[in-house]
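The next block holds one structure in the form of structure tokens; read it before the comments.
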Amino acid sequence: MKAIKLASVFAVTAVAAAVSTTTIAAEPVFKGTAGLSYKSVDKGADSAGSEGEVNIIGDTGLVYFDLDMEGDSTGSDGGFDLDEIYVKQGAVQFGDFDGSMGDDAAFSAGVEEDLDDAKEDLGTGLGIRYAVSDELTVALEVAEGENKGAIAFNYATDVSGVTLGVSGGASSDEHILTLGASIPAGIATITAFYQTGSFVDTATTDKDASNYGLGLDLALTEELSAAVQYYTLDGEDSAGVDRKDDGLVEATVNYTVGDIRYFATYVDYEDKATADYSVVGAEASF
């Protein structure tokens, strides 16, 4: 651990010394959605919500940032979230990223809710990344407010139109490995991933994960599309204690007329103690 922490300190110092003071002025880009949705719960209270979201994205050539402002279909007011802000200098990037690279290879279908609890990572959003090539990136990572370092990597390549990926990370007491594929097949795109790892769930409990995902996107017409995603969490919640059946299926239908997208999605949990629900809504993108 001391070696990882010392390496992080030296790497930050070296990168900071190499960064040029020259920046390129750039106007921030505003994009997002506006609309309404309604959530219907099989065992619980229904609720209306906003589909409103604004992304403010800026790139000066030296610094990149992404600031989100949004509400959600649960009826909450949402808030501000600085997804990421980092420095770029050649093949090196350092700062606050949108999560660890450990689950980058966990490809999924474009379902509306995308409840991706089956995508574990090490929770290390800060770091220093180095692009070894167009396909391979390696990193030193650390969680906000902590001093436990981790190493991580992401590799993705196209083989005859099929995207194959492998990503992972490791610290002194946790590790993760993710394998994924995205396969185009006419109007359909099939996605799949497998993930294994060991995590410190609490101060006294370790959790082993063996997670799967399988997705399907269908471009039926220019206006009509559909997506189906299956996630399942397997492994152990603690030594010798298997996880309960935590799988779920989500199916989404989208219909776009002009600038308006109408959607309906349904989430079905294998664990019947968790309430299934549906969301319908409409939104415009800008």
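- To the nearest 0.5 Å, atom CZ of residue Phe199 and atom CD of residue Glu174 are 7.0 Å apart.
- Annotation: the span from Leu140 atom CG to Thr124 atom OG1 amounts to 10.5 Å, rounded to 0.5 Å.
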Report, one line per pair, each donor and acceptor closer than 3.5 Å where one atom sits in a side chain of residues 99-110; sequence neighbours left out.
from: Ser100; atom 1: OG; to: Gly102; atom 2: N; distance (Å): 3.1
from: Ser100; atom 1: OG; to: Glu141; atom 2: OE1; distance (Å): 2.8
from: Ser108; atom 1: OG; to: Lys119; atom 2: NZ; distance (Å): 2.8
from: Ser108; atom 1: OG; to: Tyr231; atom 2: OH; distance (Å): 2.8

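- Checked by atom type, the side-chain pair Glu270/Tyr230 shows a donor-acceptor distance below 3.5 Å.
- Looking at Asn154 and Leu136, their side chains never come closer than 4.5 Å, going by heavy atoms from C-beta outward.
- Considering OG1 of Thr252 and CG of Leu218, their distance stands at 11.5 Å, rounded to 0.5 Å.
- Checked against ring pair (Phe, Tyr, Trp, His ring centres under 6.0 Å), Tyr255 has no partners two or more places apart in sequence or in another chain.
- The side chain to side chain donor-acceptor pair (under 3.5 Å) analysis of residues 155-164, with sequence neighbours excluded, yields the pairs Asp158-Thr163.
- Between Ile85 and Val63 the shortest side-chain heavy-atom distance falls below 4.5 Å.
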What verdict does the side chain to side chain contact (heavy atoms under 4.5 Å, CB included) test give for Asn254 and Tyr262, after you've listed the backbone C-alpha separation in whole Å, the side-chain angles of each residue and the deciding distance to 0.1 Å? CA-CA 6 Å; Asn254 301 291; Tyr262 302 89; over 6 Å; no
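- For the residue pair Ser198/Asp208, the side-chain donor-acceptor check at 3.5 Å is satisfied.
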With a cut-off of 3.5 Å and sequence neighbours excluded, list every side-chain donor-acceptor pair involving residues 278-286.
from: Glu283; atom 1: OE2; to: Arg261; atom 2: NE; distance (Å): 3.3
from: Glu283; atom 1: OE2; to: Arg261; atom 2: NH2; distance (Å): 2.8

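- Considering only heavy atoms from C-beta on, Ile260 stays 4.5 Å or farther from Val257 through its side chain.
- In this structure, the separation between OG1 on Thr265 and CD on Gln229 is 11.0 Å, given to the nearest 0.5 Å.
- When only modelled atom types and interatomic distance are considered, Thr178 and Gln195 share a side-chain donor-acceptor pair under 3.5 Å.
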Between Val92 and Arg129, does a side chain to side chain contact (heavy atoms under 4.5 Å, CB included) hold up when you go through it step by step?
CA-CA 6 Å; Val92 176; Arg129 297 182 176 183; over 6 Å; no
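- Put simply, the side chain of Leu115 reaches to within 4.5 Å of the side chain of Tyr269, judged on heavy atoms.
- Residues Thr191 and Ile183 have side chains not in contact (no heavy-atom distance under 4.5 Å, counting atoms from C-beta outward).
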Would Leu67 and Asp81 count as a side chain to side chain contact (heavy atoms under 4.5 Å, CB included) if you check the C-alpha gap in whole Å, the side-chain angles of each, and the deciding distance to 0.1 Å?
CA-CA 6 Å; Leu67 176 64; Asp81 182 18; 6.0 Å; no
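- At least one side-chain heavy atom of Val132 sits under 4.5 Å from a side-chain heavy atom of Tyr130.
- Legend: residues meeting side-chain hydrogen bond (donor to acceptor under 3.5 Å, both in side chains) with Thr189, ordered by chain and number and at least two apart, are absent.
- A donor-acceptor contact shorter than 3.5 Å is absent between the side chain of Asn211 and the backbone of Tyr194.
- Looking at heavy atoms from C-beta onward, Asp66 lies in side-chain contact with Asn55 at the 4.5 angstrom threshold.
- Side chain of Glu250 to main chain of Glu113: a donor-acceptor pair is present (N/O by atom type, distance under 3.5 Å, no hydrogens or angles).
- With hydrogens and angles ignored, the 3.5 Å screen pairs a side-chain donor or acceptor of Asp271 with a backbone N or O of Ala273.
- Both Leu216 and Val253 are part of a single hydrophobic cluster, where members link through side-chain heavy atoms under 4.5 Å apart.
- Residues Tyr86 and Asp98 bring no donor and acceptor atom of their side chains to less than 3.5 Å of each other.
- Between Ile176 and Leu122, the closest side-chain pair of non-hydrogen atoms falls below 4.5 Å.
- Atoms OH and OG1, from Tyr212 and Thr232 in turn, are 8.0 Å apart once rounded to the nearest 0.5 Å.
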- Would you sort out whether Thr256 and Glu223 count as a side chain to side chain donor-acceptor pair (under 3.5 Å), showing the intermediate values? CA-CA 5 Å; Thr256 303; Glu223 297 84 12; over 6 Å; no
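- To the nearest 0.5 Å, atom OH of residue Tyr277 and atom NZ of residue Lys39 are 5.0 Å apart.
- Every residue two or more places apart in sequence or in another chain that forms a side-chain hydrogen bond (donor to acceptor under 3.5 Å, both in side chains) with Asp268 is listed here: Lys272.
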